[in-house]
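Heavy-atom basis, side chains included; hydrogens, waters and symmetry copies ignored. For reference, positions follow the sequence shown, starting with 1.
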Amino acid sequence: QRRKERKQHRKQQRQNSQQESRGDGQSARKRPRRELTPSSLRLVVDCSFDNLMLIKDVRKLHKQIQRCYAENRRASHPVQFYLTSLGGQLKQSMDEKDKGWVNWKDITITEEHYSKVVAKDELVYLTSDSPNVLEELDQKKAYVIGGLVDHNHHKGITYERAKELGIGHAQLPLSSFVKMNSRKVLAVNH
């Protein structure tokens with residue numbers, strides 16, 4: 001009983017000292033929300049490659065998408081984030097491993113293809129196989145990232161999809177800023 005009372009007393013002292021140091025009565029654990037300035041930039045993850053991946057790669061993609069979402073939520077200038085063509089193995093993995101994804105805020109999640117969500121003339125597919133090098137971001141464009149973890153088994157597939165749909169494509173200027181020994185392919189969250 002004494003041990004329980006001491007524990008309760010220490011807890012009360014901690015709470016009192018936290019309230020005194022903060023002065024506003026808010027919990028010290030809860031972080032104050034920063035002033036956010038949303039960006040007009042749109043970022044789309046194309047999840048239509050579900051059938052080309054093994055389940056372990058689908059789970060890796062799921063983790064990468066979680067990281068993207070978390071970083072965007074923490075950003076002081078969050079982008080408008082879209083997850084398109086969601087279904088199949090990826091949706092199943094998200095339902096099993098992360099039931100809270102249905103409550104994600106500030107993200108548009110749809111089963112529709114990105115070309116039905118954003119006008120075609122506003123789309124730019126980011127692919128390392130494109131001959132076009134992106135010099136600067138256009139705030140009027142929506143940048144599409146291929147949601148594919150394939151360990152280079154499907155080289156050039158995102159570039160081919162962009163050409164098939166007749167949408168713009170470009171690669172990031174990685175070679176100007178980063179020395180990479182292999183292909184200039186990044187993970188979704190990178």
Side-chain angles (χ1 to χ4, degrees), residues 26-120 122-128 134 137-154 157-162 164-165 167-170 172 185-190:
Q26 278 187 338
S27 168
R29 286 185 173 190
K30 195 166 187 175
R31 285 183 282 166
R33 283 195 52 88
R34 294 183 313 273
E35 287 300 315
L36 299 178
T37 312
S39 171
S40 59
L41 197 65
R42 291 172 288 173
L43 186 65
V44 180
V45 178
D46 173 16
C47 300
S48 65
F49 301 99
D50 198 72
N51 59 333
L52 300 177
M53 292 184 284
L54 301 171
I55 190 65
K56 67 176 188 163
D57 294 330
V58 170
R59 289 189 179 123
K60 286 179 186 175
L61 174 62
H62 175 208
K63 289 277 189 205
Q64 292 173 8
I65 290 169
Q66 282 178 314
R67 287 188 194 114
C68 291
Y69 172 72
E71 287 300 322
N72 195 48
R73 290 278 293 167
R74 283 189 217 114
S76 54
H77 302 292
V79 298
Q80 296 173 37
F81 194 34
Y82 295 81
L83 206 56
T84 62
S85 302
L86 181 65
Q89 296 181 99
L90 179 59
K91 186 174 185 299
Q92 185 179 353
S93 174
M94 290 171 77
D95 286 339
E96 289 172 7
K97 305 281 185 200
D98 180 20
K99 290 179 178 40
W101 74 270
V102 293
N103 299 320
W104 283 1
K105 294 174 176 52
D106 305 322
I107 183 171
T108 303
I109 301 174
T110 180
E111 293 177 4
E112 289 186 306
H113 192 267
Y114 56 87
S115 61
K116 291 185 173 49
V117 178
V118 179
K120 275 189 178 182
E122 296 174 2
L123 292 166
V124 175
Y125 215 117
L126 296 178
T127 173
S128 63
L134 192 65
L137 296 173
D138 184 349
Q139 299 294 321
K140 295 178 184 87
K141 298 288 185 183
Y143 294 94
V144 183
I145 297 172
L148 178 64
V149 176
D150 70 335
H151 309 284
N152 290 326
H153 294 302
H154 302 285
I157 194 166
T158 53
Y159 178 55
E160 291 303 319
R161 290 251 175 118
E164 283 171 16
L165 280 170
I167 62 172
H169 49 81
L172 296 172
V185 179
L186 300 174
V188 172
N189 55 306
H190 295 149

Kindly give the heavy-atom pair with the smallest separation between [X] and [Y], and that separation in Å.
X: G147; Y: V45; answer: CA-CG1, 4.0 Å
X: T84; Y: D46; answer: OG1-CA, 3.8 Å
X: E112; Y: T110; answer: N-OG1, 3.1 Å
X: L54; Y: Q89; answer: C-OE1, 4.4 Å
X: R73; Y: D106; answer: NH1-OD2, 2.6 Å

Exercise. For K141, look at atom NZ and say whether over 12 heavy atoms of other residues, nucleotides or ligands are found less than 6.0 Å away.
Key: yes
Quiz item: When the ring planes of W104 and Y69 are compared, do they come out parallel, tilted or perpendicular, using 30° and 60° as the limits?
Solution: parallel
Quiz item: Run the side-chain contact (heavy atoms from CB on, under 4.5 Å) check on D138 and Y143 step by step: do they pass?
Solution: CA-CA 9 Å; D138 184 349; Y143 294 94; 3.6 Å; yes
Practice problem: Please answer whether the main-chain N or O of V79 pairs with a side-chain N or O of N72 as donor and acceptor at a distance below 3.5 Å. | Solution: yes
Self-check item: Any donor-acceptor N/O pair, H113 side chain to S85 backbone, under 3.5 Å
Solution: no
Is there side-chain contact between [X] and [Y], with heavy atoms separated by less than 4.5 Å?
X: I109; Y: W101; value: yes
X: L83; Y: I65; value: yes
X: M94; Y: L86; value: yes

Quiz item: Knowing that exactly one of L148, V58, V149 qualifies, which makes a side chain to side chain contact (heavy atoms under 4.5 Å, CB included) with F49?
Solution: L148
What's the spacing between [X] [atom1] and [Y] [atom2] if we round to 0.5 Å?
X: K60; Y: M53; atom1: NZ; atom2: CE; answer: 11.5 Å
X: K120; Y: Y114; atom1: NZ; atom2: OH; answer: 9.0 Å
X: H77; Y: S39; atom1: NE2; atom2: OG; answer: 8.5 Å
X: L126; Y: L172; atom1: CG; atom2: CG; answer: 5.0 Å
X: L43; Y: C68; atom1: CG; atom2: SG; answer: 7.0 Å
X: D57; Y: D50; atom1: CG; atom2: CG; answer: 11.0 Å

Quiz item: Can R42 and E122 be counted as an ion pair, charged N to O under 4.0 angstrom?
Solution: yes
Quiz item: When you look at L41 and L137, which way does the side-chain contact (heavy atoms from CB on, under 4.5 Å) test go after all the steps?
Solution: CA-CA 8 Å; L41 197 65; L137 296 173; 3.8 Å; yes
Quiz prompt | No-hydrogen, no-angle side-chain donor-acceptor test under 3.5 Å, T127 and R161 | solution = no
Quiz prompt | Test log, rule side-chain contact (heavy atoms from CB on, under 4.5 Å), inputs L90 and H62 | solution = CA-CA 7 Å; L90 179 59; H62 175 208; 3.9 Å; yes
Practice problem: Carefully, step by step, assess L165 and Y125 under the rule side-chain contact (heavy atoms from CB on, under 4.5 Å). | Solution: CA-CA 10 Å; L165 280 170; Y125 215 117; over 6 Å; no
